[in-house]
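Here the structure comes first, spelled out in structure tokens, and everything after it is commentary.
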Protein chains: 2
Amino acid sequence: MRDSVPLDPVDLAILRLLQNDARMTYRDLAAEVGVAPSTCLDRVARLRRAGVILGHELRVDPAKLGRGLEALLLVQVRPHRRELVGPFVERIRALPESRALFHLTGPDDYLVHVAVADTADLQRLVLDEFTSRKEVARVETRLIFQRWDCGPLLPARHAAGE
Amino acid sequence: MRDSVPLDPVDLAILRLLQNDARMTYRDLAAEVGVAPSTCLDRVARLRRAGVILGHELRVDPAKLGRGLEALLLVQVRPHRRELVGPFVERIRALPESRALFHLTGPDDYLVHVAVADTADLQRLVLDEFTSRKEVARVETRLIFQRWDCGPLLPARHAAGE
DNA sequence: GCTGAAAACACTCCATA
DNA sequence: TATGGAGTGTTTTCAGC
């Protein structure tokens with residue numbers, strides 16, 4: 001269940017198309033892929049069961065919600081012990097400004113992707129929620145000038161028949 | 001069009017629910033929000049037109065596609081001039097391993113989120129696509145141990161009536 | 001913004017190869 | 001074992017109010 005799943009060209013075509021527009025109807029999907037709608041439905045259900053498809057997400061523009069400034073915070077947590085990092089992770093995840101949290105290798109233990117209104121809001125967030133916490137040893141703030149999303153996620157190797 | 005959009009409590013409830021499950025039917029959505037299905041449809045169409053809703057995305061498990069290792073690459077591009085960074089950005093975006101690309105403030109100019117098969121694959125990617133490029137001055141690789149997604153994105157300030 | 005009717009759709013079953 | 005086609009219940013959509 002943790003390993004990669006065998007995917008044939010039909011599965012791959014479905015994944016590619018749904019990553020562009022997850023609300024495509026099965027009818028249109030079937031027409032593009034070149035199989036019957038029921039087959040599409042079956043394949044999608046199978047991909048869901050196999051855990052390849054995790055869910056359907058709405059993509060929202062943060063700027064339109066008054067969160068025009070995005071930043072990455074590189075956070076060093078010291079001492080890096082389970083009883084400290086557990087509550088830290090939960091607290092950060094619960095912040096309305098947080099978009100994603102990563103546990104990383106390297107000198108910084110965590111990377112937090114945040115969306116805020118402006119630099120004043122960012123300063124408040126860093127001071128009140130990060131540097132004021134005693135387990136946070138260091139915070140490095142990097143503003144995001146621009147973000148590009150890349151193409152659909154496809155299998156690492158040979159696409160077909162594996 | 002770049003600024004924030006006035007959203008009433010109904011819009012916010014819709015956005016909150018759809019961010020949890022973007023494939024909810026308008027019927028169920030209407031029942032939860034407390035309005036008629038047609039009203040929901042109208043609101044969603046309006047949010048789409050206003051650019052608040054950018055699209056519907058399929059969330060896929062990279063590990064299931066044979067891309068069990070994710071990493072962040074901090075890249076310094078020197079000299080940091082338009083005629084060099086343009087092609088760099090386009091090349092990185094086109095890589096099948098790339099998931100997202102950020103232009104940042106700070107000592108590293110770009111952050112690239114990649115998904116690869118294993119450490120050998122990551123080494124190949126870093127050597128062939130990054131350090132071998134003459135405009136790339138430095139690459140710092142950080143593995144992602146774990147990732148947490150945070151709650152739905154909501155407006156920065158007062159939710160209602162603005 | 002709601003109601004109701006018409007159209008489009010998702011989904012199940014069964015025959016088929 | 002997986003596919004394709006037809007049928008059924010549901011959802012979406014678009015009137016009018």
Side-chain angles (χ1 to χ4, degrees), chain A residues 1 3-61 64-65 152 154-155 157-162, chain B residues 4-61 64-66 152 154-155 158-162:
Chain A
M1 204 47 183
D3 256 34
S4 86
V5 167
L7 299 169
D8 73 6
V10 173
D11 293 319
L12 293 176
I14 288 172
L15 285 175
R16 205 169 335 107
L17 288 164
L18 284 182
Q19 278 182 83
N20 282 338
D21 175 13
R23 284 214 86 171
M24 244 183 128
T25 66
Y26 288 106
R27 199 167 145 275
D28 293 347
L29 192 61
E32 291 244 24
V33 174
V35 296
S38 60
T39 305
C40 268
L41 199 76
D42 194 47
R43 293 304 188 100
V44 172
R46 192 138 45 96
L47 290 169
R48 252 183 181 289
R49 255 182 285 116
V52 178
I53 294 175
L54 294 172
H56 298 257
E57 256 181 8
L58 198 69
R59 218 153 50 82
V60 171
D61 184 351
K64 288 295 187 332
L65 296 175
L154 293 173
R157 308 133 199 279
H158 25 294
E162 60 162 274
Chain B
S4 86
V5 168
L7 299 168
D8 73 5
V10 172
D11 293 318
L12 294 176
I14 288 172
L15 285 174
R16 204 169 335 108
L17 288 164
L18 283 182
Q19 279 182 80
N20 282 339
D21 174 13
R23 285 212 85 173
M24 246 182 126
T25 66
Y26 288 108
R27 192 169 153 276
D28 294 347
L29 192 60
E32 292 243 24
V33 173
V35 296
S38 60
T39 305
C40 270
L41 194 79
D42 196 45
R43 293 303 190 103
V44 171
R46 193 137 43 98
L47 290 169
R48 251 183 181 289
R49 255 182 286 116
V52 178
I53 294 175
L54 294 171
H56 297 257
E57 257 182 7
L58 198 69
R59 218 153 48 82
V60 171
D61 185 352
K64 289 293 188 333
L65 296 176
L154 294 172
H158 27 294
E162 62 162 271

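Quick note on labels: first sequence line is chain A, next is B, and so on, each numbered from 1.
- As rounded to whole Å, 11 Å separates atom P of C:dA10 from atom CG of A:Leu18.
- When distances run from any side-chain atom of B:Tyr26 to the nucleotides C:dC9, D:dT12, C:dC11, the shortest one goes to D:dT12.
- We find the CD1-CG distance between A:Ile53 and B:Asp61 to be 11.0 Å, quoted to the nearest 0.5 Å.
- Residue-to-nucleotide contacts include no donor-acceptor pair under 3.5 Å from the side chain of B:Ser38 to the base of C:dG1.
- Summarising the geometry, the separation between CG on A:Leu29 and C1' on C:dC11 is reported as 15 Å, rounded to the nearest angstrom.
- The pair A:Arg43-A:Asp8 meets the salt-bridge criterion, since a charged nitrogen lies less than 4.0 angstrom from a carboxylate oxygen.
- Side-chain proximity of A:Val35 to the nucleotides C:dC2, D:dT12, D:dG4 is greatest for D:dG4.
- In this structure, of C:dA10, D:dT12, C:dG1, it is C:dA10 that holds the atom nearest to the side chain of A:Arg27.
- Nearer to the 5' terminus of DNA chain D, by closest-nucleotide assignment, is the contact made by A:Ala36 (compared with the other of B:Met24 and A:Ala36).
- The side chain of A:Arg43 lies closest to D:dA2, out of C:dG1, D:dT12, D:dA2.
- A 4.5 Å side-chain heavy-atom check between A:Thr39 and A:Val33 finds every atom pair outside the cut-off.
- In this structure, B:Asn20 CG and A:Glu57 CD are separated by 10.0 Å, a value rounded to the nearest 0.5 Å.
- Summary of the strand contacts: A:Arg23 and A:Arg46 both lie near DNA chain D, and taking for each the nucleotide with the nearest heavy atom, the more 5' one is attributed to A:Arg46.
- B:Leu41 places its CG atom 16 Å from the C1' atom of C:dA5, with the value rounded to the nearest Å.
- For A:Thr39, the listed nucleotide lying nearest its side chain is D:dG4; candidates were C:dG1, D:dG4, C:dA10.
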